[in-house]
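Contents: one structure, followed by commentary.
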Amino acid sequence: MEKEKKDRGQWASSLGFIMATAGSAIGLGNLWKFPYLAGQNGGGAFVIVYILIVIFVGFTIMLGEITLGRSTGLNALGAYRKLNKKFAWVGGAGILAAFTILGYYNAVGGWVIKYIVQFVTGGVSGDSAVFFGEFISSPIEPIIWALVFALATAFIVWKGISGGIEKYSKVLMPALFVLLIVVVIRSVTLPGAGAGLEYYLKPDFSKLTPAAIVAALGQVFFSLSLGMGCMITYGSYLSKDENIEKDAFIVPLMDTSAALLAGFAILPAVFAFGFEPGVGPSLMFITLPSVFAAMPLGAVFGLLFFILVLFAAITSSISLLEVCTAYFIDEFKWSRTKATVVLACAIFVLTILSSLAMGPMANVLIFGKNFFDLLDFIASNILLPVGGLMMCIFIGYFWGIDNAVAEISQNGKYAFRLKGFWTVLVKYIAPIAVGIVFLNMLGIIKF
Ligand code: PFF
């Protein structure tokens, strides 16, 4: 029994939980996806919609998931099963999503490490598009860097909740914010930064199409690590003394601040040097290295930037691995060591395949997608929305709002100030919003 408890673990402090949870949320999604989504989809208009969705859907689902986790003290699947056997599959789908996302997240984490090494040795010279293209399409090198990233992730998870995830998040998250602010100051003070600020923030409501709103909702899910049992798992290591209403407010606030700051860090610099902001990986791995190459002291700022990206990525990847690890520790009574090693290895098989999909296996298409894009599609477009939708339905109509409220307020010990607001959101607004987005993603309704 003692050993089991030790393998499961618990957060040592409230701050540690907040840092770890914010660490999970703040990741690659904030740093490269948010800025270009905002720029493309109407600037300030998109930012306003994004923030509204964070408040109405993000906060709601985050609080719901943390509640399920803390109430049961179990992994994603175990938590649902304990409360209602028929919903166990929802937790299972979440664990599968975490497994799948980490498969390709490792590959990108490896690219980030490669760029850090590159900046230590002076930066990317020559054509950065050619450099990136040659690097990711080579068969062996990206896999080696991905392995370094995966080993670092596994090491932290193996060290446990308070001794690993919490300890590292408490250092890496504040460091990330400091580095981000340094890069923001550099970026917005460059001559010509104004054009980037305009691209980023000038509201253009004509670009705010239904498709842009759908993109915002998908982004809120991915960015806040929702719909996959991550918050259930992290919530399961909380003591009953924690005020989780407050946490579900602070974490989205931190995550959104990081996303907004990332826009200020990236877009003004891109425009100041006359580049066009790329879309997707090309913004971070092709456009930005060219920007740093053109900037005075660019190698230093480039290095700082990629270190902060690494910190963001690793505090997210550990949460993905922990979702899977917790399941095997709880359900199969595996030791933490065994669960970490076996799962990290199994996930790395997906990583190898997604890395090869960028080069030697680029022509192997499944449903018209290469392996990397396939993993992303299955997780982000199917498993996450289903997870979020089912969670709302479960809490709203099966487990019941009263049980949830009793857990959140600890039977009245904490005033649950937003109780009425949250109830309406969980039962009606969030599931309808997520349902619409899901049907759109599947192409069943089209905007
Ligand atoms: N929230 C992370 C990001 O924005 O990059 C990605 C992520 C981590 C998604 C953990 C889901 C998760 F459980």
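Sequence positions, counted from 1, serve as the residue numbers for this chain. Note: hydrogens, waters and symmetry copies are ignored here, and every other heavy atom, side chains too, is used. Counting convention: from 1, in listed order, for ligands and their atoms alike. Being a predicted model, the structure only gives us computed values, none of them experimental.
- When the salt bridge (Lys or Arg N to Asp or Glu O under 4.0 Å) test is applied to K114, the partners found at least two apart in sequence or on another chain are E141.
- With respect to the salt-bridge test (charged N to carboxylate O, under 4.0 angstrom), the residues E166 and K159 do not qualify.
- Ring geometry for F155 against W158 counts as tilted: the plane angle lies between 30° and 60°, on a 0 to 90° scale.
- Of all the heavy atoms in A146 and T351, the pair that sits closest is CB-CG2, 3.8 Å.
- Contact residues for ligand 1 (protein heavy atom closer than 4.0 angstrom to any ligand atom): S24, A25, G27, L28, G29, N30, Y105, F222, S223, S225, M228, C230, S316, S319, L320.
- E407 meets the salt bridge (Lys or Arg N to Asp or Glu O under 4.0 Å) test with R70, K240; sequence neighbours excluded.
- When the salt bridge (Lys or Arg N to Asp or Glu O under 4.0 Å) test is applied to K207, no partner is found at least two apart in sequence or on another chain.
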